[in-house]
Amino acid sequence: MNEFPVILRTLLRNRAAALLTIFQVALTLAVLVNVFASSDGYRAAVGQPMGIAESGLAAVSSEWIDIEGSRAPEGTDADAFHKDRIQRDLELLRGIPGVQQVSVTNGFPLSDAVPVRQMRIKRDDETSFASTFYVGDAEFVRTLGLELLAGRDFSNDEIRWSADPNLSEGAPVAIVSQALADKLFPKGDALNQQVHAGDRLLTIVGIVKRLPGLHPLWSNVELSYVVPGVRAQPLSRYLVRSEGVAIDEIVAAAETALYTAHPQALITVDTQAEIKTRTLSVAMSTVAVLGFVCALLLLVTALGCYGQTTFTVTKRTREIGIRRAIGSTKSQIVSYFLIENWLMTSAGIVVGVLLTYVLNIVLVQGLGATKVTPGMIVPGVLFLWLLGLTSALVPALRASFIAPATATRTA
Amino acid sequence: MLLMSQITKSYTTSTVETRALSSIDLHVRQGEFVALSGPSGSGKTTLLNIAGLLEPTDSGSYHLDGRDVSSLSDRQRSRLRSELIGFIFQGFNLLPDLSVLDNIELPLRLRGVKSAERRARSTKALATVGLSNRASHHPAQLSGGQQQRIAIARAIAGDPKLILADEPTGNLDSAMSEQIMELLREINRAGTTIVMVSHDVEHARRAARRVVIRDGRIQNDSARAVPAIDVAHPMATAMPLAMT
């Protein structure tokens, strides 16, 4: 380490080549840590409980399809037809042994296929909160296994049938998640308050502890609300809660029952866990691709450090000979190049930490990515230090074998 | 100071073996100023490299300052070079990215000398060569003569017992060469042994002792006319007169 200041001054006089390595290390660290943070966020999202009793919950979709594009069979009233169809579906599902509750809804939690509405306290408020919008019947809260913290559940009187996706004519009440209640009314007095949900004015009649929303990786996943009602439309969705029977058996029985009742309908039955996994699969594929890109980036960085040190050793062959001639030992030569590499890597790491946070801010704001923590940066820093030193070791060892006589043999 | 006996050295490529030195016997006493001269390819630089522990010998024995260096490890040879020998090269061999002071301090850094002592010794050496005002300059900002003086300062900063100079005036004009030679004579007068390779007959003639090498052998040694043995040297008693 006696040569540390000399190495630093030499590097400062040869900035151009050093800057390339510094930039490469900085970029690698920034990408590596952010990819790790994202994948860590994804992994956490996969395993994180979202406030619903996921096991024992099945999600059933039944879509009445007409090849000519009609909403209902010719000569029938569409609303009445679908109301009747949905009621029969509910009866069929409730009749399956082991089924405890069935609820009709407009979308499944974490399925990436639920509408979102802006929630405001006043109609002209500039501040609004994008929240997942559920439509559910009186069984919705119980079927999902939500924990009602305050207020009440929907009554059967409030459940109205409508073909309108917004349920404009429905009962003007809502049950909201605790997170949404806190956002709208930070003082904690959300119950019985009125809020604007899209174009509708709703009164909050209940607050549940958690109600997961559109996507597990969405930053607003905890902001959700549900209004009472049933949409009489060709596509209907049901949540099925089982008790005492394996969910797979319920899934199989539900498929059979609905196919038998509606041979022309498109029936899909999944467990809630499968829906969540499917929603995350795109993200996980992205992580896998990014992981591969990171591996390539690390390889390029390792080759860069190797190439930089090899270039320096070749360029300084005579200088190394002079150093050896005036008393440098082989280990001092190796140390010289390892310290030089460590200095460049460290400078790259300093820049890289800043770049990591800048990139993370952009990703968090733009894509709702996971925030980077110091605990994610430290392993990245240690790994890059190790990578730099390992890559520089072979050329550094090669340098130590340059003969001291090189000082007198080359012009 | 330097005692070589039956030193041989060859360089071998895949097809050719070139004998650079054959049966060299050389004894240089403490405080001598020896000029090695001879035509190109005669083996002068090889002899200097062996004397400076830059290259191993193929055979023969070599004692430096009383130590048998034939069996030393690479690390021990490096340490010995650092502590005992100062090098002056024809091409100056200063490190271009280091300042003058950093260049002079380098051998002391490698030896692990503490910062304050290093600075004091380097500043003194710089003053000796008369370039104190150039401490923060870089080699490229200096003339050839100044660079060689800095190289001499680097060589003497560690108070070496032996200075090995390979054509120290080879790249300089005659006026500057004269200055460098005078500087070397001053250093020698202070007690440092100097072995200098020189093409310049005039400079070689001014050395107290002249050794002429031809075809890898010592053709003429001016000291042979007045053989003298360094009685303090442990090998001296075992040395035949012909070797001196």
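Throughout, protein chains are lettered first and strands after them, A, B, ... in sequence-line order, and every chain is numbered starting at 1.
By the 6.0 Å contact criterion, CZ on A:Arg9 is enclosed, its count of non-hydrogen atoms from other residues, nucleotides or ligands being greater than 12. Applying the 6.0 Å contact sphere to NZ of A:Lys183 captures no more than 12 heavy atoms from other residues, nucleotides or ligands. For A:Tyr357, the OH atom counts as densely surrounded, since its 6.0 Å shell holds more than 12 non-hydrogen atoms of other residues, nucleotides or ligands. With a 6.0 Å radius and a threshold of 12 heavy atoms from other residues, nucleotides or ligands, B:Tyr11 has its OH atom above the threshold. At most 12 non-hydrogen atoms from other residues, nucleotides or ligands lie less than 6.0 angstrom from CG of B:Asp215. In this structure, B:Arg119 places its CZ atom where only 12 or fewer heavy-atom neighbours from other residues, nucleotides or ligands lie under 6.0 Å away.
Put simply, of B:Gly52, B:Pro107, B:Pro160, B:Ala155, the one with the most heavy-atom pairs under 4.5 Å next to chain A is B:Pro107.
A heavy-atom distance below 4.5 Å is not found between the side chains of A:Arg13 and B:Ser99.
For residues 319-336 of chain A, the interface with chain B (any heavy-atom pair closer than 4.5 Å) comprises A:Glu319, A:Ile322, A:Arg323, A:Arg324, A:Ala325, A:Ile326, A:Gly327, A:Ser328, A:Thr329, A:Lys330, A:Ser331, A:Gln332, sorted by residue number. At a heavy-atom separation below 4.5 angstrom, chain B is approached by no residue within residues 374-389 of chain A.
Looking at A:Thr408 and B:Asp166, their side chains never bring a donor and an acceptor atom within 3.5 Å of each other.
For A:Gln365, the side-chain contact (heavy atoms from CB on, under 4.5 Å) partners at least two apart in sequence or on another chain are A:Ile361. In this view, A:Phe337 satisfies the ring pair (Phe, Tyr, Trp, His ring centres under 6.0 Å) rule with no residue, not counting sequence neighbours.
Heavy-atom distances place no part of B:Val197 under 4.5 Å from chain A, backbone and side chain included. There is no contact between B:Arg77 and chain A, counting heavy-atom distances below 4.5 Å.
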